[in-house]
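I have placed the structure first, in the form of structure tokens, so that the comments after it can refer back to it.
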Amino acid sequence: METNYKNHLNLILATIPEKTGCYQFFDENATIIYVGKAKNLKRRVSSYFHKEHFYNKTRVLVKQIRDIKYIVVDLEDEALLLENNLIKQYRPRYNVLLKDDKTYPSIVIKNEYFSRVFHTRNIIKDGSQYFGPYASTYIVKTMLQMIKSIYKLRTCKYPLTPESIAKGRYKVCLEYHIKRCNAPCAGLISLEEYNEQISEIKDILKGNSSRITNLLLAQMKYLSEKLRFEEAQILKEKYEVLENYRSRATVTPLLHNIDVFSFDENDKSAYINYMYIGNGAVVHVYTIEYKKKLDEPKEELLGLGIIEMRERFNSPAREIIVPFLPDVEISGQTVYTIPQKGDKKKLLNLSLQNVKQYKVDSLKKAEKFNPEQRTARLLKTMQDDLHLPFLPMHIECFDNSNIQGTNPVAACVVFKKAKPSKNDYRHYHIKTVVGPDDFASMEEVVTRRYTRLLEENLPLPQLIVVDGGKGQLNIATTVLKKLNLQDKIAIIGLAKRLEEIFYPDDPVPLILDKTSETLKIIQHLRDEAHRFGITFHRDVRSKKQIVSEIDTIKGIGEKTKTILLNKYKSIKRLQEVPLSELTELIGRSKAEILKKGLEK
């Protein structure tokens, strides 16, 4: 059986032409599992079977191929368009899939007597004129509101005809009385006047609003000169609405009929932003997301997005601004431009800003819906950034604290799944070190910590962060080697000056970007260890101070000292306590002795 299908595939590979076209792979159930396009069908399809594939997904795909079919076309963009349509129709398992594949809203000028203008998602070939599609309903509504504020068009669905109007079949409605409609149903406006408004609306929808504003300005001046101020005021209001719209929409008046595409991606998706520039204004803006399946190259994905968006939005542009050359040639006189500076570079940057924001927003939405997804992403990012052998689910960080060598203590803070696990924090009194010796203190606390974990068979961390440079890191690494943990736990040191990250036996530090999420988590660990250690050190100092001060006062025993220590924590607070409060706590006699002793 296996020999039969291999012979069948070899026969197809031997006869497939060296022409441009689309190919389809079928599995044993005669189901399409992949659709592709190629400049040279023979070379592209044969490459699946005659070379070693780096990506595992591609190897899995090839193992499932049982039949191949192909379609020859004349031009490469025709092949890409055909590929796009086949993917939408059959949704093959191993093809990139467009995440948002819905019908977009358009504005229609209806082919009827006294045309209506409204938004729709249904394209009907009845002679009506459609503008768009637009990226969102909000844009459509905004444009229709602007048009409605300038022109008094009918909104009713009456089947108007010259005969029905002449017979007076219809009566004026509320829209006429509130001055939103000129009542063509009652014959109060001629078809010629009405169609003049429709013609102006078409110009606006095509992006050519400057012609209308110039016309309005000329008429307004003429009416003012004739002292027809009320009529001039009406035109002025229309002019201001259009000018306000133009000022918000205009990018640069010198650019016209240009497509702009930008690209961004992550491991799972590719994001492509599209902008159409007409008469110096951004007419369309939309971002699409493709779900990757076979680690497709960015040039191929960008080419797919270009064909998709130009088809959807019926783009007439003959120039396409791109960040890099896509893997598709557009027929006709259309050219690609990769700008390095100037207005076109600004347009590309604007598109890039939009696609990056879309990517961030998509990620936030997904992580908000599934918080575990964000945690998994953060941990994977940390593993990649720090080149760790394990996913750092459990991280521990150490910090030593002493002031002029007094009361040396250490702190160990624990993060699990990139978040503080405060129940697992630990304090340490340094017992074997005399004086301010950070290296010896680090050796003691790391030894005590992991000897204890090993003895009690408790979970070990995947990563240790040492607050300090090469010296502290080398000491902690030596301890791990003595305990035979060097292959089980990764360890790094974080230097304070430039936030460099050091590795054992590597003189060159790793410097992460200041905005890196990995660096922020490591800094959070370091700051939390420092805070926890300083707080413990302060408490130890306060307790020792209050004990040493009270020890000089005769008549105050150990039990009383313990009560005062637990209640007031420091000598300063104890000195501020009134005698009446002390009397209630330890009795009048001891309270008076304590007050006199503290005053001395």
Side-chain angles (χ1 to χ4, degrees), residues 18-23 35-45 47-48 51 54-55 58 73-85 87 95-96 98 251 255-267 269-278 282 284-356 358-359:
E18 295 189 14
K19 293 185 177 181
T20 301
C22 278
Y23 56 91
V35 174
K37 53 89 183 160
K39 290 181 181 179
N40 187 312
L41 282 169
K42 187 178 187 67
R43 191 181 307 160
R44 181 73 180 104
V45 175
S47 69
Y48 284 94
K51 73 174 184 179
F54 178 76
Y55 296 112
T58 308
V73 296
D74 292 328
L75 300 168
E76 189 186 353
D77 56 334
E78 291 177 359
L80 189 49
L81 191 56
L82 177 59
E83 176 197 35
N84 193 17
N85 292 334
I87 290 171
N95 278 99
V96 291
L98 186 61
V251 176
L255 298 179
H256 174 61
N257 200 26
I258 295 174
D259 282 338
V260 185
F261 288 90
S262 60
F263 180 89
D264 202 356
E265 64 181 334
N266 55 30
D267 292 339
S269 296
Y271 305 90
I272 298 167
N273 176 261
Y274 166 66
M275 296 195 313
Y276 173 67
I277 311 301
V282 178
H284 298 304
V285 182
Y286 200 76
T287 303
I288 55 175
E289 177 182 352
Y290 285 109
K291 291 294 182 183
K292 295 181 182 178
K293 292 297 177 72
L294 293 175
D295 300 293
E296 297 81 0
K298 63 181 182 180
E299 292 82 5
E300 180 181 330
L301 292 167
L302 179 59
L304 189 62
I306 288 173
I307 294 297
E308 171 72 32
M309 289 291 95
R310 283 174 62 86
E311 180 193 9
R312 282 191 178 190
F313 290 93
N314 301 316
S315 172
R318 288 289 172 260
E319 181 179 5
I320 304 175
I321 295 175
V322 289
F324 51 84
L325 286 177
D327 186 17
V328 62
E329 294 180 4
I330 305 295
S331 59
Q333 299 177 347
T334 305
V335 296
Y336 290 116
T337 301
I338 305 176
Q340 303 300 317
K341 59 182 180 179
D343 289 334
K344 292 182 181 180
K345 178 64 174 176
K346 291 178 182 177
L347 281 177
L348 183 60
N349 290 339
L350 178 62
S351 178
L352 187 61
Q353 181 181 341
N354 275 274
V355 77
K356 286 184 178 296
Y358 185 93
K359 176 183 171 184

- request: Please tell me if the side chains of Pro339 and Ile321 come closer than 4.5 Å, counting only heavy atoms from C-beta onward.
  value: yes

query: From Leu350 CG over to Asp343 CG, what is the distance, rounded to the nearest 0.5 angstrom?
result: 12.0 Å

- request: For residues Arg310 and Ile320, determine if any side-chain heavy atom of one lies less than 4.5 Å from a side-chain heavy atom of the other.
  value: yes

query: Asp327 pairs by salt bridge (Lys or Arg N to Asp or Glu O under 4.0 Å) with which of Lys39, Lys37, Arg44, Lys298?
result: Lys37

field: Shortest non-hydrogen contact from Pro323 toward Ile338
entry: O-CG2, 3.7 Å

- prompt: Does a sphere of radius 6.0 Å around NZ in Lys19 hold more than 12 heavy atoms from other residues, nucleotides or ligands, not counting ones at 6.0 Å or beyond?
  reply: no

- line: To the nearest 0.5 Å, atom CD1 of Ile277 lies from atom CD of Glu319 at 11.0 Å

query: Going through the checks in order, is the side chain to side chain contact (heavy atoms under 4.5 Å, CB included) test met by Glu265 and Lys292?
result: CA-CA 10 Å; Glu265 64 181 334; Lys292 295 181 182 178; 2.6 Å; yes

- prompt: What do the steps show when you test Ile272 against Glu289 for side chain to side chain contact (heavy atoms under 4.5 Å, CB included), and what is the final call?
  reply: CA-CA 7 Å; Ile272 298 167; Glu289 177 182 352; over 6 Å; no

task: Verify side chain to side chain contact (heavy atoms under 4.5 Å, CB included) between Glu300 and Val328, making sure each step is shown before the conclusion.
output: CA-CA 7 Å; Glu300 180 181 330; Val328 62; over 6 Å; no

field: Flag side-chain contact, heavy atom, 4.5 Å: Ile288 against Tyr274
entry: no

task: Evaluate the side-chain proximity of Asn349 to Lys345: yes if any heavy-atom separation is below 4.5 Å, no if none is.
output: yes

- prompt: Below 4.5 Å, heavy atoms only, C-beta onward: do Glu83 and Leu304 meet side chain to side chain?
  reply: yes

query: Would a line drawn from the ring center of Phe324 to the ring center of Phe263 be shorter than 6.0 Å?
result: yes

task: Give, for atom OH of Tyr276 and atom CG of Asn257, the distance between the pair rounded to the nearest 0.5 Å.
output: 4.0 Å

Interatomic spacing from CG in Leu348 to CD in Gln340 - rounded to 0.5 Å: 9.5 Å

- request: Classify the ring geometry between Phe313 and Tyr286 as parallel (under 30°), tilted (30 to 60°) or perpendicular (over 60°).
  value: tilted

Leu301 CG to Ser269 OG distance, which is reported to the nearest 0.5 Å: 10.0 Å

- request: May I ask you to decide if Ala317's main-chain N or O and Ser315's side chain share a donor-acceptor pair within less than 3.5 Å?
  value: yes

Side-chain touch Arg318/Val335, heavy atoms, less than 4.5 angstrom: no

- request: Evaluate the side chain to side chain donor-acceptor pair (under 3.5 Å) criterion for residues Asn273 and Tyr358: first the C-alpha distance (whole Å), next the side-chain angles of each, then the deciding distance (0.1 Å), finally the verdict.
  value: CA-CA 9 Å; Asn273 176 261; Tyr358 185 93; over 6 Å; no

task: Using a 4.5 Å cut-off on heavy atoms from C-beta on, say whether the side chain of Tyr336 contacts that of Phe261.
output: no

message: Looking at Arg312 and Glu308, is any side-chain nitrogen of the basic one under 4.0 Å from a carboxylate oxygen of the acidic one?
response: yes

query: Roughly how far, to the nearest 0.5 Å, is the OG1 atom of Thr287 from the CG atom of Asp264?
result: 10.5 Å

task: Compare all side-chain heavy atoms of Glu18 with those of Leu41 and state whether any distance is below 4.5 angstrom.
output: no

